[in-house]
Amino acid sequence: MNSFQTLQLGEAELAAAGTHMLGLMRELYPICRSITGPGVRDTLAMVSRLAPLSMTEVPTGTRVFDWTVPKEWSISEAYLEHESGRRFAEFRHSNLHVVGYSVPIDVSMSLDQLRARIHTLPDRPDWIPFRSSYYSEDWGFCMSESERLALPQGQYRAVIRSSLYDGALTLGEYVHRGSSDDEVLVFAHTCHPSLCNDNLSGIVVAAELAAYLRGRSTRYTYRFVFAPATIGSIAWMAMNEARLDNIRHGLVLAMLGDSGPFHYHRSRSGTATIDRAAGAVLRSWHPDATAIDFSPWGFDERQFNSPGIKLPVGRLNRALTGQYPQEHTSADSLELMSANALAESWRTCLRVFEVLEGDRRYLNLSPKGEPQLGRRGLYRTTGGYYDGVADRQMGLLWVLNLSDGEASLLDIAERSGLEFGLLAQCARDLEAAGLLAPAHDKAH
Amino acid sequence: MNSFQTLQLGEAELAAAGTHMLGLMRELYPICRSITGPGVRDTLAMVSRLAPLSMTEVPTGTRVFDWTVPKEWSISEAYLEHESGRRFAEFRHSNLHVVGYSVPIDVSMSLDQLRARIHTLPDRPDWIPFRSSYYSEDWGFCMSESERLALPQGQYRAVIRSSLYDGALTLGEYVHRGSSDDEVLVFAHTCHPSLCNDNLSGIVVAAELAAYLRGRSTRYTYRFVFAPATIGSIAWMAMNEARLDNIRHGLVLAMLGDSGPFHYHRSRSGTATIDRAAGAVLRSWHPDATAIDFSPWGFDERQFNSPGIKLPVGRLNRALTGQYPQEHTSADSLELMSANALAESWRTCLRVFEVLEGDRRYLNLSPKGEPQLGRRGLYRTTGGYYDGVADRQMGLLWVLNLSDGEASLLDIAERSGLEFGLLAQCARDLEAAGLLAPAHDKAH
Amino acid sequence: MNSFQTLQLGEAELAAAGTHMLGLMRELYPICRSITGPGVRDTLAMVSRLAPLSMTEVPTGTRVFDWTVPKEWSISEAYLEHESGRRFAEFRHSNLHVVGYSVPIDVSMSLDQLRARIHTLPDRPDWIPFRSSYYSEDWGFCMSESERLALPQGQYRAVIRSSLYDGALTLGEYVHRGSSDDEVLVFAHTCHPSLCNDNLSGIVVAAELAAYLRGRSTRYTYRFVFAPATIGSIAWMAMNEARLDNIRHGLVLAMLGDSGPFHYHRSRSGTATIDRAAGAVLRSWHPDATAIDFSPWGFDERQFNSPGIKLPVGRLNRALTGQYPQEHTSADSLELMSANALAESWRTCLRVFEVLEGDRRYLNLSPKGEPQLGRRGLYRTTGGYYDGVADRQMGLLWVLNLSDGEASLLDIAERSGLEFGLLAQCARDLEAAGLLAPAHDKAH
């Protein structure tokens, strides 16, 4: 039996998942990730404890569609040392202090000369910005504005002990096999250093989803891909082009640990099943959520939705890119995260899966007039029937009325405004009563 | 000539119809109706004075689609008798005092034991609720909450002199033949006892419509069906399955005697011609009316709109089920009714018929540029033409501009916002002037 | 190269056009125009200084579709002469004083008898109304209400020295040849006497557009037609029926010299390319503009949109017919006009042409994932990329994402909300970078 036919997560199960995800995030937080390098490998190794990932290493210089895999980057130490010997912007205190992909450097310069190499956020004087320079060789330091203002005059030595070398870009993948080869793609980008919401939250929710599916039977095959943003999704598609046709639905997960309302970003068509499934779940369970039309200025869904790929992939977020001040700063830290928010994000994804798993078309086997529900124990039999009707009874009537072989349960959910899980249960009850049968499956 | 080409109901004709309908309702009010039994037959006999109904008796036990015609029910007397000899909840005072379809009973019990058998409305302490138990054998009494509170302690004898026996379910039908076999179905449910708005109002409006059509020529054949709710419409469809294909449009009539604004309930598709016709009439004449999407929790239109039948049947109401407190209580009485409201309901139906009768597509015979209306006496010829344009002139221009053989008058009414009858008159005038001709009829 | 690929009108060029149009309008203002006669010829001769018009004289009595070209009308003098010798409503002071197309008259009558022949505007006591009587032989005078009230009692001689004679209706036409035979029609009605907004403004904007196109290369052929309202557009269509099929888009120009917001009147379908082009331009540049659905009570677009012609012709106005008090009065004078408003109207038309010229579909040549814009100098390469994205970068991404051969630049403008000219520039840049190629042109 399909595991999602009885999706009922108790509060205890929910709380345990939240605590577990937040714990994993604490372990992943200190690691210095980038688009390549050992930090990504360490991250994926930790995720493998929940769901064993298969790793793919794409060598530096490999052509992936229009792009080329860059050199691998690693870093051991970095700091600014004043002539007095005092050190500032030390990498060992925060991996945000170094501009990502900085070339190795060891130079002396005056504070004035150094200024162009130092990034701060004057409006947020206590936060360190996150900066990177992936595709042009450069270097720099990031620090809080208040640290910068306190820098003593004089000569500085800027030291970055990094290396850029022919290596590889690392992709991690976990596949949960379902009864069908049709796939649901779940993607989380892995390239950010010590930033929690963007995107340790996406990583831990995806990992917890994979863990939940292990040992459960599903209709769809679920493919979880952990890869750096842009170059990672592009490399993964280039390496897996032949199998892209199996992907029916996809979801990019990011920024799911803050306590704000959900934002769902629609796929390019705006009417894909994933868009409608997410829409139905959010309408029923999170009326404060917002669905937003596709924009090519997005996360990795813009790669999956490119005109030569055209996969129906949406994105689930809580905080909205460009609209929460902590984004890409040291304030995107563990304090911003909530175990409850992570757990609710995880449950929301499972509910979307529930829709994908359960969406099908049925045939009403007693389609002329309404069948007599009363003698089948599916209906109240005594009077006053206009005093108010439970959702359950409305669900039975809607499923019967619209099950002409054309409308699917998701269609019925959209038209009736009723919750999908309730309708799926009504359909199972009507099927058990001999009043409904699955229509020949022409879904997708 | 089609009678609806000159639909102009004077105020006197309207007032006479209202008075007539209210008079008939007064006669029908005391009768104890249910889904079967002598009360339904008596009701249909009175309706036959306006339009001679043909009766169909469907025997108890007959299978009608998924349902079985139940036993016939009749009742002569019922009361609760206190040990003192005082009687309460006497059927002879109100047929609402007995739960509909109560089995015969003659038992003694204490007031406490009796409590579970007594239905009241605590929030409306002076009203008697209407209750029934059609498809499970049961019994009970209804009374006002204040009567119940005043019941003296002690022993009671509960007497219901009813009988349930093999009989028949009674359907009444009046057919007005038009020039075409295409049919308009008008349905009113007949199963409620002394309740006026629901649904003596639907019965008398339907009867008055039938009376109006007698002796008038129409394009459509009009079929009026009077039958109990649910089992009645289902039985009628089962007995008449072969002729259902002739039905092009349908209207369920109910709750048309109160003075509230109209509510039109759309058919399952929401875009059927009946939905558009009712929409156009209500927009033009009753801007306070509301159109509501189809719900499978409706009146008998839900049977006609079931997936194995799929007839485009809407419902016209004034009060909205579940939203007027008198519904299914003794307060749904003659005092709630208004002759004016009934008359306006009747006229609204006639206007919907006018749209159905008159809707057709025309061809502009002078389609290149605008024809010169002035020399045909259809236009003002002197200046100042921007000071404001009468609807009449707009009607002529809209009909000419859109009559390319694709758009029908109803399409033109919807696009222009002009009243259908005005546009129909414009079309007739343009036809008389040689500027317009009916297009080959591909309607429905 | 298509001239509209670099549409950048400087403020000086704009100011010069405005001054030029207002100057031409001052010259045209005193002329007494009507639907036929020497005033129209004089007007077209002046327009020919900007763009040499070819003239067509359609003889009186010629059948044009459902209409017949009326007699030509000319007038030399008109006045009301009081018995004292004082003259009123003298034609030589304002050509509005005589009802247009008045027959010649020389009669004596009392002030009381004269009253029915005098038109005024009681609510606007200082304005002279404009009246005409084109298709029925009649005569009359117009004056301000205050003049009328001051008329001395006594006998009057009413003199109108006009003549109605077999002549011709005059049409003027300027054709700018483009690389394609597909045409854009621009129409301005020429039949109003000394009224500025309606429609000297349309005439001078059309003339200035024609002048701008001279010597510039375009894709479309632009056809400017100057003709009287109704009978003029009908006569032009009747004389040119064979070439109507070449017209792809059309615009009626009127009331473009006042300083109010733009109003665009959609073509009959409401979704024609001209409607979408005007919509895109107004949304980007004039958010206070309003687009209005087609009505058969319009200007000459109603002739072009008649069901036997069906040309997609919209109308651009500032003031809205029936909603500005000066309309069809002496207050529609040079004081109401603004050189800035005329210039902005002219630029708006050029921007609409820019959309028509530049709208085409492209193919993304690197459609799998996003191409690497950075190494082509089309992208910022250093960090913080979520701080806000310039329209330019969004334009590149939208064009790439939607250029699958189906969506045109106008489709992309509508979906992205970005300005069309920006998107056209992005497309040219991407084409230069080898990332985009025009799709096989199946436009229109």
Side-chain angles (χ1 to χ4, degrees), chain A residues 361-409 411-418 422-423 426-427 430-431 433-439, chain B residues 63-68 70 99-102 119 121 123 129-140 142 198 229-238 241 244 255 268 270 293-311 320-324 327-329:
Chain A
R361 295 169 301 105
Y362 289 92
L363 272 177
N364 177 340
L365 300 177
S366 180
K368 295 177 182 178
E370 209 169 272
Q372 197 179 4
L373 298 177
R375 66 174 152 95
R376 296 175 174 95
L378 293 170
Y379 214 63
R380 286 183 294 170
T381 52
T382 306
Y385 30 70
Y386 300 116
D387 297 343
V389 182
D391 281 354
R392 157 82 175 155
Q393 295 198 10
M394 287 305 286
L396 293 170
L397 292 175
W398 273 113
V399 170
L400 283 169
N401 188 277
L402 295 182
S403 286
D404 56 3
E406 291 302 316
S408 76
L409 286 185
D411 294 322
I412 299 172
E414 290 180 336
R415 179 152 180 189
S416 68
L418 295 173
L422 169 75
L423 291 171
C426 289
L430 289 167
E431 199 177 346
L435 288 171
L436 206 68
Chain B
R63 181 86 182 182
V64 286
F65 295 150
D66 189 61
W67 299 61
T68 304
V99 169
Y101 256 66
S102 281
H119 305 274
L121 295 169
D123 290 348
F130 163 56
R131 291 284 185 277
S132 60
S133 178
Y134 293 142
Y135 299 100
S136 65
E137 303 213 335
D138 203 351
W139 65 273
C142 299
D198 179 15
T230 310
I231 182 73
S233 54
I234 287 172
W236 181 81
M237 291 191 296
E241 203 170 351
L244 297 182
M255 303 190 297
R268 190 173 184 259
D293 277 335
F294 175 77
S295 159
W297 183 257
F299 281 22
D300 289 275
E301 77 279 2
R302 79 204 225 202
Q303 308 306 335
F304 298 115
N305 284 282
S306 61
I309 303 290
K310 278 195 179 164
L311 288 178
L320 209 55
T321 272
Q323 302 195 7
Y324 74 109
E327 188 180 22
H328 282 203
T329 77

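Treat the numbers as computed from the prediction; the structure is a model and nothing was measured. Chain letters run A, B, ... following the sequence lines, proteins first, then strands; residues in each count from 1.
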Of all of B/Y101, B/F65, B/W67, which one pairs up most often with chain A through heavy atoms under 4.5 Å apart?
B/W67
Distance-only, no hydrogens or angles: does the B/Q303 side chain make a donor-acceptor pair with backbone N or O of A/E370 under 3.5 Å?
yes
Is any side-chain heavy atom of B/Y135 closer than 4.5 Å to a side-chain heavy atom of A/R375?
no
Determine the minimum heavy-atom distance between B/P307 and A/L400, stating which atoms define it.
CG-O, 3.4 Å
Quick one: are A/M394 and B/S295 in side-chain contact, heavy atoms under 4.5 Å?
yes
Closest contact, heavy atoms only, B/F294 versus A/W398:
O-CH2, 3.3 Å
Heavy-atom side-chain contact between B/D293 and A/R415 under 4.5 Å
no
Please state whether the side chain, the backbone, both or neither of B/I234 comes within less than 4.5 Å of a heavy atom of chain A.
side chain
Minimum-distance pair of heavy atoms, taken over all atoms of A/G369 and B/S306:
N-OG, 2.7 Å
For A/L363, is it the side chain, the backbone, both, or neither that has a heavy atom closer than 4.5 Å to a heavy atom of chain B?
neither
Sidechain N-carboxylate O distance under 4.0 Å for A/D404, B/K310:
yes
Part of A/N401 within contact of chain B (heavy atom distance under 4.5 Å):
both
Tell me, out of B/P296, B/A238, B/G140, who's got the most heavy-atom pairs with chain A below 4.5 Å.
B/P296
Are A/K368 and B/E241 close enough that some pair of their side-chain heavy atoms sits under 4.5 Å apart?
yes
Could you report the tightest heavy-atom contact between A/Q372 and B/D66, atom names first, then the distance?
N-OD2, 2.6 Å
